[in-house]
Each structure stands twice: as C-alpha cells, then as structure tokens.
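On a predicted model such as this, the values are computed, not experimentally measured, just so you know. Whatever order the structure lists ligands and atoms in, that order sets their numbers, starting from 1. Computed from heavy atoms alone, side chains included, the values below leave out hydrogens, waters and symmetry copies.
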Amino acid sequence: MDFQNSSISVLVVDDNQMNIDLLVNMLVRYDYEVHTAMRGNTAIEIAQREIPNIILLDITMPGMNGYETCRAIKKIEALAEIPIIFISALDDTNDIIEGFEAGAVDYITKPFKYREVIARLQTQLTLAEQKREIEMLRAREQQSYESMDKLRAQFIGSATHDLKNPLFVISGYADILEMTPLIQEDEQVLGFVNSIQRGVTKMSDLVHDILDLLQLETQVTLEKMPVDFATFIKQIGNDMDFRASEKNISLTIFPPSENATIYVDAKRIGRVLENLVSNAIKYTPEDGHVEIVGKVGFSSVIIEVIDDGLGIPKDALPTLFQPFQRVTSEEHMAQEGTGLGLSIVKTLVEQHNGTIEVDTKLGEGSCFKVTLPMQ
Ligand code: ADP
C-alpha cells in the first residue's frame with residue numbers, strides 16, 4: 001500500500017528523551033508527522049487531540065506504565081482501533097506477552113534498528129488500513145442487505161394483494177360461469193371454463209409458494225414451543241391420510257419407541273412434514289406405500305418420509321433443494337408442481353439448525369431424512 005507519509009501521524013511515548021530523539025529522527029526522515037509524550041497520561045491527552053494513525057509506546061515509564069496506558073487507550077472508543085507497538089528494553093517474552101494481552105499489535109526492541117522500526121510500523125499501518133477498508137465494505141454490504149430486505153418486504157406486501165386479488169376474481173367468475181346453465185349445455189365452452197380454472201389453480205399455487213418462500217426467508221423468528229414428538233408425527237400422518245387414500249396408497253406411521261419433547265416452531269415443522277408426505281404421495285403411483293418414521297437420538301430427532309414411488313435420478317440431486325427445480329421426466333411432470341416445495345422445506349429445517357438429506361433410486365423410491373436438534 002502506498003502511503004503519503006506526511007499525512008500519517010505517529011505518537012511516540014517514551015520517558016527517555018534520547019529514545020524519543022532517536023525515533024523522531026528516524027520517522028521524520030520518512031516524512032511522518034510525529035507527536036511525542038513522556039508520560040502515559042500526557043500520551044492519552046495527545047492521542048485524544050491528535051488521533052494518531054499509530055502509537056509507539058514504551059513499557060517502562062514512571063507513573064502509568066506502558067501496559068496501563070495501552071489498556072486505557074483501548075478503552076476510549078475513538079482511540080481503540082489505533083495500532084499500538086510496544087517498545088521493549090529486552091527481548092523478554094513475558095514483557096511481549098503482557099503487551100499483546102494489553103492490546104498491542106507488535107513490539108520493537110531497544111537498541112532500535114532503524115530498518116526494523118520502519119518495517120514494523122509500515123506493516124501495522126498497512127494492516128490497519130486494510131482493516132478499515134474491510135470494515136467499510138462490510139458496512140456497505142450490510143446496508144445493501146438491509147435495503148434488499150426492505151424491498152423484499154415491500155414486494156411481499158404489495159404482491160400479496162396485487163397478484164392474489166386478480167386470481168380470486170378470475171377464479172370466482174370461472175366458478176360462476178361453470179354453474180351457468182347455458183355454459184353447462186355447451187361441452188366445448190365448459191371445457192374452456194375448466195381450462196381457465198386449472199390455469200388459475202396452477203397460478204395461485206405458484207404465487208402462494210413464491211410469496212411463502214420470500215416471507216419465510218425474511219421472517220426468521222421462530223415461535224418455538226415444546227412438542228411431544230410421537231403425537232406430532234401421528235397428527236401429521238392422520239392429517240395426510242385422506243390424500244393417500246385418494247390414490248389407494250397405504251400411509252403407515254412408525255412413531256419413535258422412546259418419548260421425546262422437541263422445541264420447535266410446530267407450524268413450520270408441520271409444513272416440512274406435510275410437504276414431504278404430500279410429495280411422497282404425489283410422486284408414488286396408485287397402490288404404493290408411504291411411511292413416516294420417527295427416531296429419537298441423543299440430542300436430536302430424525303424423521304424419515306419413505307416411499308416406493310418414482311424415485312429421483314442422480315443428476316437431479318445436486319439442485320433438488322433449489323427453487324424451481326423439478327425432475328423433467330414425463331412421469332414426474334405429469335404431477336402438478338411448482339418446484340418450490342423442497343426449497344421451502346430446506347429453509348424451514350435450516351432455520352431450526354437441522355439438516356435434510358435424501359436417499360433415492362429412480363424407479364424404486366425415495367427416503368427424505370430430516371434431523372432436528374431437540375432444543
Ligand atoms: P413440486 O412442487 O414440483 O413437487 P418440490 O420442490 O416439492 O416441487 O420438489 C421438487 C421436485 O423433486 C419435484 O418436482 C419432483 O420431481 C421431485 N420430488 C420431490 N419429492 C419426490 C419424491 N418423494 N419422489 C420422487 N420425486 C420427488
């Protein structure tokens with residue numbers, strides 16, 4: 001990094017005038033602006049007034065010694081980031097360790113070696129400058145995240161109305177048309193109306209899933225509550241039973257053998273399970289089998305949703321949990337879907353510090369395994 005040294009100020013603190021003179025001579029030759037102090041308390045006063053870029057601080061001084069001065073400087077917010085290099089009489093390890101503990105970034109030893117002093121000083125100035133730049137970038141990044149979040153929240157707010165309302169209107173009138181005797185008499189027109197209804201349902205599902213995903217990613221505060229694990233699994237199984245029976249699929253629940261209470265956002269984890277079981281039913285042909293298995297580990301629980309349905313090809317696995325990813329085989333695409341369900345599931349599981357894995361074989365079936373910490 002290229003410094004204009006004349007704009008860089010160094011505060012030299014030493015009780016020995018000869019040392020000060022030596023250091024000042026070196027530094028002035030390098031065009032640094034130099035301030036000096038012979039006591040700890042004067043050093044703090046000058047530092048507060050001049051806000052130097054770096055401080056060279058002697059350890060052994062009457063009154064406040066170097067460590068005390070260093071600790072005091074680090075406590076003052078405006079000075080806390082200024083790098084401090086200790087001046088140590090000897091290469092004494094204890095001195096050096098105590099210096100680092102007090103907040104110093106480096107040390108130089110007496111008698112001063114001209115090139116070493118300048119090299120160490122410049123290294124610390126470069127590091128401090130880089131740190132400042134990183135912090136500035138971080139702050140900028142944080143700002144842009146915040147404005148993205150605001151935009152996202154605004155979008156969710158307006159899209160909820162602007163996208164959903166017209167769909168309600170279309171679907172409402174399509175339903176009225178469907179029931180109109182004149183239309184019911186004309187098979188072709190009735191077919192058109194039914195196509196409108198199917199299109200609207202598809203669009204509503206998509207809008208609903210997109211808004212859901214955006215909202216879930218924005219509102220990460222979980223409403224955790226104690227939930228009896230076995231009861232929870234049974235409940236979800238019962239809720240999904242009618243969907244399975246529509247396709248004559250057997251839905252079997254294997255609750256855990258041990259009792260366990262888990263602390264989760266029951267609504268969100270309920271949605272995880274509903275999504276996985278509904279996928280298992282959707283992508284399993286008629287007369288198939290779906291199982292929900294609960295297992296209790298040491299500090300976590302496992303939920304497996306197993307089916308003997310279509311399975312998933314290997315090449316789809318790396319992106320399976322990303323939004324809008326669907327398996328493009330004819331059999332998979334025959335089922336209505338948005339490709340958002342699994343990304344919603346993954347978001348919810350990760351919000352609980354859990355993990356989701358899939359073990360699957362095309363044509364044989366799939367097992368989605370969710371692991372959740374109990375707390
Ligand atoms: P979708 O709304 O399309 O069901 P998901 O995100 O839930 O979206 O799933 C992504 C894709 O993963 C699905 O389109 C489907 O191809 C595949 N998939 C998900 N679950 C299963 C499963 N149990 N068996 C076979 N394929 C599945």
**Message:** Please check whether K282 reaches ligand 1 - meaning an N/O of the residue sits under 3.5 Å from an N/O of the ligand, judged on distance alone.
**Reply:**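 Min N/O separation from ligand 1 is below 3.5 Å for K282.
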**Request:** Please determine if F368 has a nitrogen or oxygen closer than 3.5 Å to a nitrogen or oxygen of ligand 1.
**Result:**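 No; every N/O pair is 3.5 Å or more apart.
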Check this for me, if you would: do [X] and [Y] make a salt bridge, where the nitrogen-to-carboxylate-oxygen distance has to be below 4.0 angstrom?
| X | Y | answer |
| --- | --- | --- |
| K110 | D58 | yes |
| R198 | E336 | no |
| E304 | K295 | yes |
| R132 | E129 | yes |

Nearest to [atom], what protein heavy atom do you find, and at what distance?
| atom | answer |
| --- | --- |
| atom 7 (O) of ligand 1 | N279 ND2, 2.8 Å |
| atom 5 (P) of ligand 1 | L342 N, 3.5 Å |
| atom 3 (O) of ligand 1 | R326 NE, 2.8 Å |
| atom 2 (O) of ligand 1 | T338 N, 2.8 Å |
| atom 24 (N) of ligand 1 | Y283 CB, 3.4 Å |

Hey, which atoms in ligand 1 end up nearer than 4.0 Å to a heavy atom of [X]?
| X | result |
| --- | --- |
| V327 | 14 (O), 16 (O), 17 (C) |
| A280 | 23 (N) |
| Q325 | 10 (C), 11 (C) |
| L340 | 6 (O), 8 (O) |
| S366 | 24 (N) |
| L320 | 12 (O) |
| G337 | 1 (P), 2 (O), 3 (O) |
| D307 | 22 (C), 23 (N) |

**Request:** Just do the side-chain hydrogen bond (donor to acceptor under 3.5 Å, both in side chains) check on H352 and E350 with the steps written out, would you?
**Result:** CA-CA 5 Å; H352 281 80; E350 285 177 352; over 6 Å; no
**Asked** At their closest point, which heavy atom of H332 faces which heavy atom of G311, and how far apart are they?
**Response**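 What the structure gives for the nearest pair is NE2-O, 2.8 Å.
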**Prompt:** What about the rings of F100 and F86, do their centers lie closer together than 6.0 Å?
**Reply:**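 F100 vs F86: aromatic centres not under 6.0 Å.
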**Asked** Closer than 4.0 angstrom: is that true for some heavy atom of F321 and an atom of ligand 1?
**Response**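 So F321 does not count as touching ligand 1.
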**Request:** Please verify whether a non-hydrogen atom of G309 lies at under 4.0 Å from ligand 1.
**Result:**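 It does not, in that no heavy atom of G309 comes within the 4.0 Å cut-off of ligand 1.
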Distance-only, no hydrogens or angles: does the [X] side chain make a donor-acceptor pair with backbone N or O of [Y] under 3.5 Å?
| X | Y | answer |
| --- | --- | --- |
| T360 | G365 | yes |
| K247 | K282 | yes |
| T338 | L340 | yes |

**Message:** side-chain hydrogen bond (donor to acceptor under 3.5 Å, both in side chains), that's the test. Do N238 and Q235 meet it? Break it down for me.
**Reply:** CA-CA 5 Å; N238 291 340; Q235 183 65 48; 5.3 Å; no
**Request:** Mind checking whether H332 contacts ligand 1 via backbone (N, CA, C, O), side chain (CB onward), both or neither, at a 4.0 Å heavy-atom cut-off?
**Result:**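 Side chain only; the backbone of H332 stays clear of ligand 1.
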